[in-house]
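Bear in mind the structure is a predicted one, so any value in this text is a computation, not a measurement. Both counts, for ligands and for their atoms, begin at 1 and track the order of listing.
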Amino acid sequence: MTTMLGVSLEGRDVLMVGGGDVTARRLERLLAEGARVRIVAPALSARTAELVAQSTATWVQRAVQDADLDGVWLVHTATGDAERDLQVAAVCESRRILCVNASDGAHGTARIAAETRAGDVIVGVVSDAGVDPRRAGRLRDAIAAQVREGRLPLRRRRSTAVGSVALVGGGPGPTDLITVRGRRLLAEADVVVADRLGPVDVLAELDPDVEVIDVGKRPGHHPVPQEEINALLVAHARRGLRVVRLKGGDPFVFGRGGEEVAACTAAGVPVDVVPGLTSVVSVPQAAGIPVTHRGTAASLHVVNGQGTITAATRAAMADGETTTVILMGVAALPRLVEAARAAGAPADRPVAIVQEGHTDRQRTLRSTLDEVVDDARRAGVSNPAVIVFGDVARAGLLLHPEQQAAGVPSP
Ligand code: SAH
């Protein structure tokens, strides 16, 4: 019978007998745990030698002697000679030292589990019968995939002294366009502070007792002021809870993520940022528009439509090889068009507006600088939408010339 024991080897002496590739594999793990490793072996494999050269591990070049076991907490033996490994294991047994015997089919008084980690969780696989590293590894990988994607119950039931905040970029909306890391952090979260935009459907998949706080803007409702959001994140983390701040797109693109990070840092609350697919790129893409395209657009200028129109924005809109992407820009469209015209952009410069990209309600308007204001009004374009100024917004850009000639409609 085997009991799986979580052992802390940090700062503890470990003896490794044998210098082959099995030793190398295990050595990496032991070093990562912070163990103080001494290898005793007449020779080292190339990989082991490399690890020894790069690490704190030491090597004694000779066959093992009983005295090598003095003062060690754990022995790992992988000499390539089963008989020799058994002898080492026997000495360990008599001296009450736990021993991992890596010989094929054998096992000592200790085993190293096939392990996977996600956040602070470690899952290990061992077997009661003879070692079978392939099975253990495959089982470990299958569990790892589920843990990574947050499909297992990862939430802590006991809060820690200090909680934490993770700013998670949720992407443009669909639940499968959020990162795997974001999904795992959501599965670990005690509190989720969410916006209106982004993958709101994932909220329905959370444990019923996860607290969801909606701070998003809705028609007729005022949004929660940023100061209050910052205070909310800090207050919940200080109660020892894990807080996910779920945001649309990427947290650092017009998401005020920087302010939230600064607030947490100032309060001494650990904070992490998980990137997300920003609507700057992913929403045009949903309509078949590449924000850069060889021979068409070589640079990208990104603007918050609610801000003032800067010289850089005017220059970008007038430049034939620059794509200008405007977020939160529907209300500012007439102003932007005016500025582009004044800066010398041609009347037939393509403009596209992609509304509710990556959702069932996605609509794309294709127009030109001269006509887009009227076209948008007629079409009743509204937020959330991304405006693309530039030649990449031309319908049919990605069609072959013969398809264009045949008049095949663009997506
Ligand atoms: N941090 C976000 C942007 C927040 S600003 C990101 O990286 O994407 C909010 C603006 O993003 C909206 O006004 C709109 O311009 C744009 N937006 C976000 N999701 C969108 C979507 N699914 N479709 C169209 N526009 C979207």
J.: Just by distance, with hydrogens left out, do T322 and S299 show a side-chain donor and acceptor under 3.5 Å apart?
T.: yes

J.: Which value, rounded to the nearest 0.5 Å, describes the distance between I97 atom CD1 and C92 atom SG?
T.: 5.5 Å

J.: Please report the interatomic distance CD(E33) to CZ(R12), rounded to the nearest 0.5 Å.
T.: 11.5 Å

J.: Out of all atoms in ligand 1, which are within 4.0 Å of some heavy atom of F254? Include the element for each.
T.: 4 (C), 5 (S)

J.: Between E259 and R256, does any NZ, NE, NH1 or NH2 come within less than 4.0 Å of an OD or OE carboxylate oxygen?
T.: yes

J.: Any nitrogen or oxygen of S279, main chain or side chain, under 3.5 Å from a nitrogen or oxygen of ligand 1?
T.: yes

J.: Does D250 reach ligand 1 with a nitrogen or oxygen that is under 3.5 Å from one of the ligand's nitrogen or oxygen atoms?
T.: yes

J.: First locate atom OG1 of T79, then atom CG of L86, and finally report the distance between them rounded to the nearest 0.5 Å.
T.: 9.5 Å

J.: If you measure every N or O of G357 against every N or O of ligand 1, does any of those distances drop under 3.5 Å?
T.: yes

J.: Considering only the protein, which heavy-atom contact is closest to atom 3 (C) of ligand 1, and what is its distance?
T.: V253 O, 3.5 Å

J.: Under 4.0 Å, heavy-atom basis, I'd like to know which part of M328 is in contact with ligand 1: side chain, backbone, both or neither.
T.: both

J.: Going by distance only, is there an N or O of A385 that falls short of 3.5 Å from an N or O of ligand 1?
T.: yes

J.: Consider ligand 1: state whether an atom of it lies below 4.0 angstrom from any non-hydrogen atom of E356.
T.: yes

J.: Are there more than 12 heavy atoms of other residues, nucleotides or ligands under 6.0 Å from atom CZ of R363?
T.: yes

J.: So does R155 pair up with D207, basic N to acidic O under 4.0 Å?
T.: yes

J.: Taking 4.0 Å as the limit for heavy-atom contacts, which would you say applies to T278 with ligand 1: side chain only, backbone only, both, or neither?
T.: both

J.: Closer than 4.0 Å to some heavy atom of V386 - which atoms of ligand 1 meet that?
T.: 25 (N)

J.: Indicate yes or no: does an N/O atom of G255 lie under 3.5 Å from an N/O atom of ligand 1?
T.: no

J.: Which one of V280, I353, V325 satisfies the side chain to side chain contact (heavy atoms under 4.5 Å, CB included) criterion with V386?
T.: V325

J.: Verify whether one side chain among T77 and D85 offers a donor that lies under 3.5 Å from an acceptor in the other.
T.: yes

J.: What protein heavy atom sits nearest atom 24 (C) of ligand 1, and how far away is it?
T.: P384 O, 3.4 Å

J.: Need the ligand 1 atom indices (1-based, order shown) with element for anything under 4.0 Å from a heavy-atom of V354.
T.: 24 (C)

J.: Output the distance between atom OG (S279) and atom CD (Q285), rounded to the nearest 0.5 Å.
T.: 12.0 Å

J.: Would you please determine whether G248 falls within less than 4.0 Å of ligand 1 on a heavy-atom basis?
T.: yes

J.: Could you tell me which atoms of ligand 1, counted from 1 in the order shown, lie closer than 4.0 angstrom to a heavy atom of L327?
T.: 3 (C), 11 (O), 15 (O), 16 (C)

J.: Quickly, which of V269, V165, V234 forms a side chain to side chain contact (heavy atoms under 4.5 Å, CB included) with V243? Name it, please.
T.: V165

J.: Please could you name the atoms of ligand 1 that P172 approaches to less than 4.0 Å, counting only its heavy atoms?
T.: 22 (N)

J.: Considering both backbone and side-chain atoms of I326, is one of its nitrogen or oxygen atoms within less than 3.5 Å of a nitrogen or oxygen in ligand 1?
T.: no

